[in-house]
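The residues of the chain are indexed from 1 along the displayed sequence. On a predicted model such as this, the values are computed, not experimentally measured, just so you know.
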Amino acid sequence: QVQLVESGGGLVQAGGSLRLSCAASGGTFSGYAMGWFRQAPGKEREFVVGISRFGRNTRYADSVNGRFTISRDNAKNTLYLQMNSLKPEDTAVYYCAAKVASPYARLPEIPNEIDYWGQGTQVTVSS
């Protein structure tokens with residue numbers, strides 16, 4: 001069983017950047033497809049981006065494509081999300097997610113299909 005701990009959230013002005021990290025422990029990190037979801041107040045949790053076990057395949061939500069970049073370092077058991085050109089509508093709690101997967105499979109985009117979640121980190125973008 002893997003434990004996930006996010007960090008790097010905070011308050012930033014529109015147009016700014018943040019880098020989120022997700023540190024994994026208690027499992028074989030490279031055995032999981034990983035990714036990020038987010039949940040804004042009053043809204044359902046939504047898929048942001050996923051990456052396969054060895055980083056070969058990625059999938060971005062249309063709303064963040066071209067602005068966000070996901071990466072992973074299997075040697076450091078860490079997942080990253082570089083967020084640039086942030087917009088007020090990106091304001092949400094961001095959750096790290098993991099699922100046991102085959103080597104080239106991306107993370108599922110449906111929350112119910114995720115195996116493990118982090119506790120979340122708040123990202124607030126002011127206008």
Side-chain angles (χ1 to χ4, degrees):
Q1 183 170 344
V2 66
Q3 291 80 47
L4 305 172
V5 178
E6 301 96 335
S7 61
L11 173 63
V12 64
Q13 289 187 333
S17 299
L18 282 175
R19 188 192 196 202
L20 304 184
S21 298
C22 172
S25 62
T28 302
F29 184 66
S30 61
Y32 299 93
M34 300 293 299
W36 297 88
F37 284 70
R38 67 187 181 186
Q39 189 165 17
K43 295 187 177 181
E44 295 185 350
R45 192 169 297 191
E46 66 173 2
F47 172 81
V48 176
V49 58
I51 187 169
S52 57
R53 285 170 53 184
F54 301 100
R56 294 285 296 273
N57 293 323
T58 58
R59 164 82 170 96
Y60 292 85
D62 290 343
S63 58
V64 306
N65 196 23
R67 300 187 298 120
F68 291 11
T69 303
I70 191 172
S71 61
R72 64 188 296 165
D73 187 334
N74 287 351
K76 295 182 178 180
N77 294 343
T78 305
L79 177 74
Y80 303 98
L81 182 64
Q82 179 66 43
M83 305 186 295
N84 298 329
S85 302
L86 282 161
K87 304 175 181 180
E89 51 264 44
D90 294 318
T91 295
V93 177
Y94 283 70
Y95 295 92
C96 179
K99 182 173 177 65
V100 177
S102 58
Y104 297 102
R106 291 191 299 261
L107 190 76
E109 300 181 19
I110 301 173
N112 285 349
E113 296 183 5
I114 298 301
D115 292 334
Y116 302 103
W117 294 100
Q119 83 288 352
T121 186
Q122 176 71 47
V123 171
T124 302
V125 184
S126 63
S127 58

Quick check: closest heavy atoms across V2 and A24, and the distance to 0.1 Å? CG2-CB, 3.8 Å
Would you indicate whether the side-chain heavy atoms of L79 and L81 approach each other to under 4.5 Å? no
Name the residue from T121, D90, T91 that meets the side-chain hydrogen bond (donor to acceptor under 3.5 Å, both in side chains) definition with R38. D90
Shared ILVMFWY cluster between Y104 and V100, side chains joined below 4.5 angstrom? no
Smallest separation among heavy atoms of N74 and S30, with atom names: ND2-CB, 3.5 Å
Rounded to the nearest 0.5 Å, the CZ atom of R53 sits from the CZ atom of R106 at a distance of 15.5 Å
Answer whether the closest heavy-atom distance between the side chains of I114 and F37 falls below 4.5 Å. yes
Considering non-hydrogen atoms only, spot the tightest contact between L86 and R67 and give its length. CA-NH1, 3.8 Å
To the nearest 0.5 Å, what is the distance between SG on C96 and OH on Y80? 11.5 Å
Rounded distance (nearest 0.5 Å) linking atom CZ of R45 with atom CD1 of I110: 14.5 Å
Between R72 and Y32, the two heavy atoms sitting closest are NH1-O, 2.9 Å
Closest heavy-atom contact between F47 and P108? CD1-O, 4.0 Å
Do L107 and W117 share a hydrophobic cluster (ILVMFWY, side-chain heavy atoms under 4.5 Å, transitive)? yes
From the list V64, I51, V48, side chain to side chain contact (heavy atoms under 4.5 Å, CB included) partner of W36 resolves to V48
Cluster question for you: counting only ILVMFWY and a side-chain heavy-atom cut-off of under 4.5 Å, with indirect links fine, are Y116 and I70 together? yes
For the pair M83 and L20, evaluate side-chain contact (heavy atoms from CB on, under 4.5 Å) and give the outcome as yes or no after the intermediate values. CA-CA 8 Å; M83 305 186 295; L20 304 184; 3.8 Å; yes
Heavy-atom pair with the smallest gap, counting every atom of P88 and S127: CG-CB, 3.9 Å
Can you tell me how far apart OG (S52) and CZ (R59) are? Round to the nearest 0.5 Å. 14.0 Å
In terms of hydrophobic clusters joined by side-chain contacts under 4.5 Å, are Y95 and L18 together? no
Taking G27's backbone N and O only, do any of them form a donor-acceptor pair with Q1's side chain (distance below 3.5 Å, no angle check)? no
Separation of Q3 CD from N77 CG (nearest 0.5 Å): 11.5 Å
One should read off an interatomic distance between S126 OG and Q13 CD, to the nearest 0.5 angstrom, of 5.0 Å
